[in-house]
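Inspection log for the structure reproduced underneath, given as C-alpha cells.
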Amino acid sequence: MAPEPTVERLEFANAALLQTLSGEKDANLRELARLLKEVTITARGSVVQIQGDAVAAETARLVLEQLYGLLEEGYPLYRADVDHAVRILKANRRAKLREIFLDAAFISSERRVISPKSIAQKAYIEAIRHFDIVFGIGPAGTGKTYLAMAMAVAALTKHQVKRIILTRPAVEAGEKLGFLPGSLFEKVNPYLRPLYDALHDMMDFEKAGAMLERGVIEVAPLAFMRGRTLNDSFVILDEAQNTTSDQMKMFLTRLGFDSKAVITGDITQTDLPPGRVSGLVEVQSLLENIQGIRFCRFTRADVVRHPLVQEIIEAYESRAEGGSAP
C-alpha cells in the first residue's frame, strides 16, 4: 500500500519576492517539481503548497526557503540556480546556499556576480584563496577554468598580483600544426581561444584588449613558459591533462615570489599520443602530500552547463566502465 503523500505549506511575507522565486508563470516552481519528480508545487497568494513523496517534499521546502532567503539579501536569482540548489541540498541537507551562492569570486563588467554553484566549487575557490598551487581536476563543465579565471581577474583588480598568465599545451589533436597556415602563434592561437572567451566574459572587451597589448594579461602556449620565472603573477594552466611529465615539471618550477598557480584538467580526456603519461595524472601521486599544494576534485554532479551535458558525461562514463549507456 502506497504511503500517504506529504503536504508542506509554506507562507512567505514578501509577495513580490515570492513572485520572483516562483518565476515567470511559475517556471521556477515547475522546474523544481520536474527535478524532484515526485512532488507537485503550487503557489497561491503568499502561500506555496508542496505535495508528494516525503523526502522530495522536504528537499523542495529547503530549496524554496533558502532561495527566498537569498532573494531577501539581494541575490539575483537565475533559473539555473534552482537546479544548482536541488543538487546541493539533495547531496547535503545541512548545506547553506547563502554560504555558497553569496561567496562572490568576481563581479563582471556587466555587474554579474560570478560565484560557486556547488559545494565542490566553493571548496575550490577557498583553496585558491589560501594555497599558492591548486589543482582542479574533473570533467568538462564543472567550472574549473572559469572560476580560476574569475579569481585571477579579481586578484589583478585588487592589486594582489601584477599580471595574469593564461596558458595551455598545444596538442595536435587530429591535426598537424605544420600544415596549418600562418606563423607559429597563428597556428597555436586556436588552442588558446577558450581562454580568450572566458576573459572577455568577465572584462570589457576594450579593457581586456588594452591589458593584453600591455602584457598585463598574457595568453600563450605552454612551450613559451620555458626558461621564465613568474613573479607577482596569477598563472593558470588549462587542459593540463595534455601535458607530459617534463612539461608539468617545467611549468610548476616557473612559479616565482608572490605568485599563484591554478592547474586544471580532465584526466579522462587526454589527447597525448598512446604510451605518453599525462603530467596531470602523474603529479597527483607525486605532490598530493606537499603542504601548500591543494588538489580539488570535481565529479559529474558538479557540472554547471546545460542539464543535458551532465547526462552526456554519465553516458560516456557508463560506457568506459563497461556498462550500457543510458
Side-chain angles (χ1 to χ4, degrees), residues 84-85 87-92 94-97 99-106 113-155 160-161 164-169 194-195 198 202 222 230 233-243 247-249 251-252 254-255 259-270 278-305 309-310 313-314 317:
H84 303 322
R87 280 193 273 171
I88 291 169
L89 290 168
K90 281 180 73 174
N92 181 2
R94 296 183 178 181
K96 304 299 181 187
L97 295 183
E99 294 177 0
I100 300 171
F101 288 7
L102 295 183
D103 186 1
F106 182 66
V113 178
I114 299 171
S115 61
K117 300 300 182 184
S118 72
I119 294 171
Q121 287 192 354
K122 166 72 172 175
Y124 182 53
I125 66 169
E126 285 290 340
I128 294 173
R129 287 184 179 122
H130 297 113
F131 292 84
D132 288 338
I133 297 178
V134 175
F135 290 84
I137 302 172
T142 50
K144 306 180 300 294
T145 303
Y146 198 79
L147 284 175
M149 187 80 78
M151 295 294 285
V153 176
Q160 294 170 348
V161 295
I164 297 172
I165 299 172
L166 313 171
T167 186
R168 268 185 163 197
L195 297 175
M202 295 171 195
L222 180 59
L230 307 174
S233 303
F234 197 120
V235 193
I236 299 173
L237 170 58
D238 190 33
E239 297 290 333
Q241 75 275 7
N242 289 329
T243 61
Q247 286 175 325
M248 178 62 77
K249 178 182 177 182
F251 173 79
L252 292 172
R254 299 308 93 200
L255 196 67
S259 291
K260 281 183 179 287
V262 180
I263 301 95
T264 69
D266 177 0
I267 57 176
T268 69
Q269 294 192 30
T270 177
S278 166
L280 185 59
V281 172
E282 181 186 60
V283 80
Q284 295 178 80
S285 59
L286 285 174
L287 306 184
E288 183 86 65
N289 297 319
I290 295 181
Q291 291 188 351
I293 297 176
R294 176 58 58 93
F295 285 83
C296 297
R297 293 178 174 87
F298 299 86
T299 70
R300 63 194 181 203
D302 300 304
V303 171
V304 293
R305 290 181 180 170
V309 173
Q310 189 172 359
I313 292 170
E314 289 174 1
E317 287 185 353

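Every value quoted in this text rests on a predicted model; they were computed, and no experiment measured them.
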Kindly indicate whether the side chain of I125, heavy atoms from C-beta on, has any atom under 4.5 Å from the side chain of M151. yes
So I114 and Y146, do their side chains get closer than 4.5 Å, heavy atoms only? yes
How many angstroms lie between CZ in F295 and CD1 in I263, if you round to the nearest 0.5 Å? 8.0 Å
What's the separation between atom CZ in R294 and atom CZ in R129, rounded to the nearest 0.5 Å? 14.0 Å
Side chain to side chain contact (heavy atoms under 4.5 Å, CB included), that's the test. Do Q160 and F234 meet it? Break it down for me. CA-CA 9 Å; Q160 294 170 348; F234 197 120; over 6 Å; no
Search all heavy atoms of K122 against all heavy atoms of E99 and return the closest pair with its distance. NZ-O, 3.1 Å
Are side-chain heavy atoms of F131 and K260 found at a separation under 4.5 Å? no
Should C296 and V134 count as side-chain neighbours, where that means a heavy-atom distance under 4.5 Å? yes
Looking at CG of N242 and CG of L280, how far apart are the two atoms once the value is rounded to the nearest 0.5 Å? 9.5 Å
Side chain proximity check, V235 to F251, heavy atoms < 4.5 angstrom: yes
Given side-chain hydrogen bond (donor to acceptor under 3.5 Å, both in side chains), test S115 with D103 step by step and report yes or no. CA-CA 6 Å; S115 61; D103 186 1; over 6 Å; no
Output, in order, the C-alpha distance, side-chain angles, deciding distance and verdict of side-chain hydrogen bond (donor to acceptor under 3.5 Å, both in side chains) for E282 and Q284. CA-CA 6 Å; E282 181 186 60; Q284 295 178 80; over 6 Å; no
How would you list, by chain and number, every residue that makes a side-chain hydrogen bond (donor to acceptor under 3.5 Å, both in side chains) with T264, sequence neighbours excluded? T145, D238
Tightest non-hydrogen contact, residues K144 and G138, listed as NZ-O, 3.1 Å
Do you know the tightest heavy-atom contact between E239 and P169? O-CG, 3.4 Å
So OG of S118 and OH of Y124: to nearest 0.5 Å the spacing works out to 11.5 Å
Heavy-atom check, side chain of H84 versus side chain of F101, under 4.5 Å: yes
Can you name the closest pair of heavy atoms from L89 and A95 and give their distance? CD2-O, 3.6 Å
Closest non-hydrogen atom pair, L195 against M149: O-CE, 3.4 Å
Given V283 and L252, is the side chain to side chain contact (heavy atoms under 4.5 Å, CB included) satisfied, shown in steps? CA-CA 10 Å; V283 80; L252 292 172; 3.9 Å; yes
Has the side chain of T270 got a donor or acceptor atom that lies under 3.5 Å from a matching backbone atom of I267? no
Gap between atom CD of Q247 and atom OG of S278 - 0.5 Å precision: 10.0 Å
Kindly indicate whether the side chain of T167, heavy atoms from C-beta on, has any atom under 4.5 Å from the side chain of I236. no
Non-hydrogen side-chain atoms of L147 and F106 separated by less than 4.5 Å: no
Shortest non-hydrogen contact from A261 to L255? CB-CD1, 4.0 Å
Strictly below 4.0 Å, N to O, side chains only: are R297 and E288 in salt-bridge contact? yes
To the closest 0.5 Å, what do you measure between CD1 (I165) and CG (L237)? 12.0 Å
Can you tell me if Q241 uses its side chain to pair, donor with acceptor, with the backbone of D266 under 3.5 Å? yes
